[in-house]
Amino acid sequence: MICSFRHKGLAAFFAKGTKAGIQPKHAGKLEEQLAVLNIAKKPQEMNIPGWQWHALTGELAGHWAVSVNGNWRLIFTFDGEDAILVDYRDYH
């Protein structure tokens, strides 16, 4: 289950469906990815073909990312079986 967000716009999109804080063209993919992340119990469950799931390094070591579109990524980590610190960012 998703327990916390870093990105306020993504949190609002997840809770209320508002696209105000995200790229509107990403809404469909984000909706799908957040639905899967919300039921995932471990990071590997996000390893869906085409999502380019990968572990992060450096200051984000311990986090994972999936590709949303272009440079945009959905980033998260897990605390037990819960997804936490879910973020949405352009990595360039």
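Under the 4.5 Å side-chain heavy-atom criterion for grouping Ile, Leu, Val, Met, Phe, Trp and Tyr, Y91 is not connected to F76 through any hydrophobic cluster. Following chains of ILVMFWY side-chain contacts shorter than 4.5 Å, one cannot reach M1 starting from L10, and the two form parts of different hydrophobic clusters.
Listed by chain and residue number, nothing satisfies the side-chain hydrogen bond (donor to acceptor under 3.5 Å, both in side chains) test with R6 (two or more places apart in sequence, or in another chain). Take D90 and apply the side-chain hydrogen bond (donor to acceptor under 3.5 Å, both in side chains) test, not counting sequence neighbours, and it matches no residue. With sequence neighbours excluded, no residue satisfies salt bridge (charged side-chain N to carboxylate O under 4.0 Å, His left out) with D82.
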Side chains of residues 50-65: which donor-acceptor partners sit under 3.5 Å, not counting sequence neighbours?
{"residue": "Q52", "atom": "OE1", "partner": "S67", "partner atom": "OG", "Å": "3.4"}
{"residue": "W53", "atom": "NE1", "partner": "P43", "partner atom": "O", "Å": "3.2"}
{"residue": "H54", "atom": "ND1", "partner": "Q52", "partner atom": "O", "Å": "2.7"}
{"residue": "H63", "atom": "ND1", "partner": "L60", "partner atom": "O", "Å": "3.2"}

Just list the side-chain donor-acceptor pairs under 3.5 Å for residues 14-24, sequence neighbours left out, or say none.
{"residue": "T18", "atom": "OG1", "partner": "A20", "partner atom": "N", "Å": "3.4"}

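Within the structure, side chain to side chain donor-acceptor pair (under 3.5 Å) contacts touching residues 26-39 (residues at least two apart or in different chains) are H26-Y88.
Within the 4.5 Å cutoff, the side chain of V86 has heavy atoms near those of the L74 side chain. Proximity of V36 to E45: side-chain heavy atoms (C-beta onward) are nowhere separated by under 4.5 Å. Using a 4.5 Å heavy-atom cutoff, the side chains of L34 and F5 are in contact.
Note that the CG atom of L37 and the CG atom of L30 stand 11.0 Å from one another [nearest 0.5 Å].
Between the side chain of T77 and the backbone N or O of I84 there is no donor-acceptor pair closer than 3.5 Å.
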